[in-house]
Protein chains: 2
Amino acid sequence: MPHKAAPFDALDRKIVAALMENGRASFAEIGTAVGLSSTAVKRRVDRLRADDVITGFTATVRPAALGWLTEAYVEVYCDSAAPPRRLAEVVRNHPEITAAMTVTGGADALLHVRATDVEHFEEVLERIRTEPFIRKTISFMVLSHLLPDSPEAGARQPSPAHEPRGESLPTQRTGHNRP
Amino acid sequence: MPHKAAPFDALDRKIVAALMENGRASFAEIGTAVGLSSTAVKRRVDRLRADDVITGFTATVRPAALGWLTEAYVEVYCDSAAPPRRLAEVVRNHPEITAAMTVTGGADALLHVRATDVEHFEEVLERIRTEPFIRKTISFMVLSHLLPDSPEAGARQPSPAHEPRGESLPTQRTGHNRP
DNA sequence: TATGAAAGGAACAAGGT
DNA sequence: ACCTTGTTCCTTTCATA
């Protein structure tokens with residue numbers, strides 16, 4: 001057995017919660033919060049990372065501040081036998097797609113797309129629709145967020161593989177982080 | 001005008017990118033990556049935080065490791081004149097809703113929901129549907145992710161802070177958790 | 001640049017198997 | 001006895017005025 005089922009206890013949960021609330025909290029700080037020494041916290045965090053419970057640390061960013069003013073969800077309908085694998089390839093070709101998943105319901109997949117503005121979004125959409133086996137798309141533009149720190153609001157922005165206009169925007173398309 | 005448009009230059013962009021890739025990177029580390037001294041980096045990071053370009057730091061977590069095995073998007077249709085404000089209140093009452101936004105298209109809002117399992121999701125859905133002016137919901141269960149670290153995959157979950165019951169890995173049940 | 005704080009490692013102690 | 005998980009130093013690196 002390669003991985004033993006990590007005994008994820010209440011202490012781990014508190015540590016994870018502390019790190020989700022403040023990803024730069026010091027081990028000592030977390031320690032006093034959960035009742036451990038800093039080194040004990042570090043060991044547990046190391047283990048949580050090794051077990052891929054914690055997959056990384058990131059700054060949360062306000063996309064609008066970086067020029068990503070437009071956001072939409074796009075339902076994708078594929079030709080008959082569209083293998084998810086091929087869809088995954090397609091999705092990776094468009095850096096503006098910040099999340100993509102297969103879903104139940106009429107559509108085959110749901111994409112989350114960020115663009116600098118509506119014009120840019122239209123360009124992205126056209127690009128997606130020219131992909132081989134994509135039959136149809138239905139878009140929902142995001143108007144306003146009802147929760148302050150929704151994941152979509154900050155976690156990831158697309159890379160400016162080819163920046164759409166004028167100024168280049170910060171990269172990203174994160175993989176994992178090793179501190 | 002309260003906020004002056006912060007002069008957001010290429011260096012800032014690189015710093016933000018570095019911090020999104022590794023939210024616990026030291027200022028010195030970032031400095032060598034972008035060609036600045038650690039103190040210069042700190043000054044810029046402080047400014048980026050003050051300007052709310054960077055809104056915080058967080059650990060990215062694999063929800064399944066915490067027992068959140070089920071994920072869905074829910075389109076919400078409201079009664080005639082449903083003010084977004086009221087929807088925001090409703091949304092805050094259900095900790096399983098991890099993102100919520102008003103959207104164009106037929107639906108009034110789109111919710112992202114996490115639950116421990118399908119049973120739990122059904123319970124959440126029933127709870128949402130009993131809310132006063134919600135007329136109808138349409139759910140899309142997420143089957144598989146096509147991008148590795150999509151925001152939805154890791155950024156925020158209902159807090160793991162409180163241990164709901166028992167022990168071991170698949171945590172969380174009906175004892176709903178507030179952050 | 002200088003001071004205190006944090007990270008990270010080594011060595012050791014207590015419980016549980 | 002051994003493995004796990006906690007502790008207390010200690011040194012190097014970092015944060016920050």
Side-chain angles (χ1 to χ4, degrees), chain A residues 1-61 170 174-179, chain B residues 6-9 11-62 65-67 154 160-171:
Chain A
M1 283 314 172
H3 271 275
K4 62 177 56 184
F8 188 73
D9 66 9
L11 243 22
D12 289 318
R13 241 169 274 136
K14 284 192 207 166
I15 290 170
V16 170
L19 280 172
M20 291 201 318
E21 195 174 330
N22 177 10
R24 280 179 85 87
S26 73
F27 295 139
E29 202 174 327
I30 299 166
T32 61
V34 307
L36 282 180
S37 71
S38 63
T39 51
V41 172
K42 177 192 174 349
R43 271 223 291 263
R44 292 180 93 112
V45 170
D46 286 345
R47 199 202 65 215
L48 290 166
R49 299 213 45 181
D51 293 350
D52 246 47
V53 174
I54 295 173
T55 58
F57 296 93
T58 187
T60 60
V61 166
T174 302
H176 296 176
N177 337 311
R178 298 240 358 100
Chain B
F8 188 73
D9 66 10
L11 243 23
D12 289 318
R13 246 171 273 134
K14 285 193 206 165
I15 289 170
V16 169
L19 280 172
M20 291 200 319
E21 195 174 330
N22 177 7
R24 280 179 84 86
S26 72
F27 296 141
E29 204 174 326
I30 299 166
T32 61
V34 307
L36 283 180
S37 73
S38 62
T39 56
V41 172
K42 177 191 176 352
R43 268 209 304 267
R44 283 177 178 256
V45 171
D46 286 346
R47 200 202 65 214
L48 289 166
R49 298 208 52 175
D51 292 350
D52 246 46
V53 175
I54 294 172
T55 58
F57 296 93
T58 187
T60 59
V61 166
R62 189 166 48 88
L66 302 184
H162 306 96
E163 171 178 6
R165 57 118 199 236
E167 202 54 35
S168 68
L169 205 60
T171 28

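Note: CG (A/Leu36) to C1' (C/dA7) measures 17 Å, nearest angstrom. Between the CG atom of A/Asp9 and the P atom of D/dT4 there is a distance of 15 Å, rounded to whole Å. One atom, CG of A/Asp51, and another, P of D/dT4, lie 12 Å apart when rounded to the nearest Å. Per the geometry, CG belonging to A/Asp12 stands 15 Å off P belonging to D/dT4, to the nearest Å.
Checked against side-chain contact (heavy atoms from CB on, under 4.5 Å), A/Glu21 has no partners two or more places apart in sequence or in another chain. Residues satisfying the side-chain hydrogen bond (donor to acceptor under 3.5 Å, both in side chains) criterion with A/Ser37, sequence neighbours excluded, are A/Thr39. Judged as a side-chain contact (heavy atoms from CB on, under 4.5 Å), and not counting sequence neighbours, B/Arg43 has no contacts. Partners of B/Asp46 under the side-chain hydrogen bond (donor to acceptor under 3.5 Å, both in side chains) rule, at least two apart in sequence or in another chain, are B/Lys42.
Taking CG of A/Asp9 as the reference point, atom CD1 of A/Ile15 lies at 8.0 Å (rounded to 0.5 Å). Atoms OG1 and CZ, on B/Thr60 and A/Phe57 in that order, are 7.5 Å from each other to the nearest 0.5 Å. To the nearest 0.5 angstrom, A/Thr55 atom OG1 is 8.0 Å from A/Arg49 atom CZ. With values rounded to the nearest 0.5 angstrom, A/Phe27 atom CZ is found 13.5 Å from A/Arg44 atom CZ. A distance of 13.0 Å separates NZ of A/Lys14 from CD1 of A/Ile30, quoted to the nearest 0.5 Å.
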For nucleotides 12-17 of chain C, 5' to 3', base contacts (B), sugar-phosphate-only contacts (S) and non-contacts (-) with protein non-hydrogen atoms under 4.0 Å give ------
Let me have a per-nucleotide readout for nucleotides 12-17 of chain D, 5' to 3', with B, S or -, counting only protein heavy atoms under 4.0 Å. --SSBB
Please list each protein N or O that sits under 3.5 Å from an N or O in nucleotides 2-4 of chain C, with the distance.
none

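No donor-acceptor pair closer than 3.5 Å links the side chain of A/Asp51 to the backbone N or O of A/Val53.
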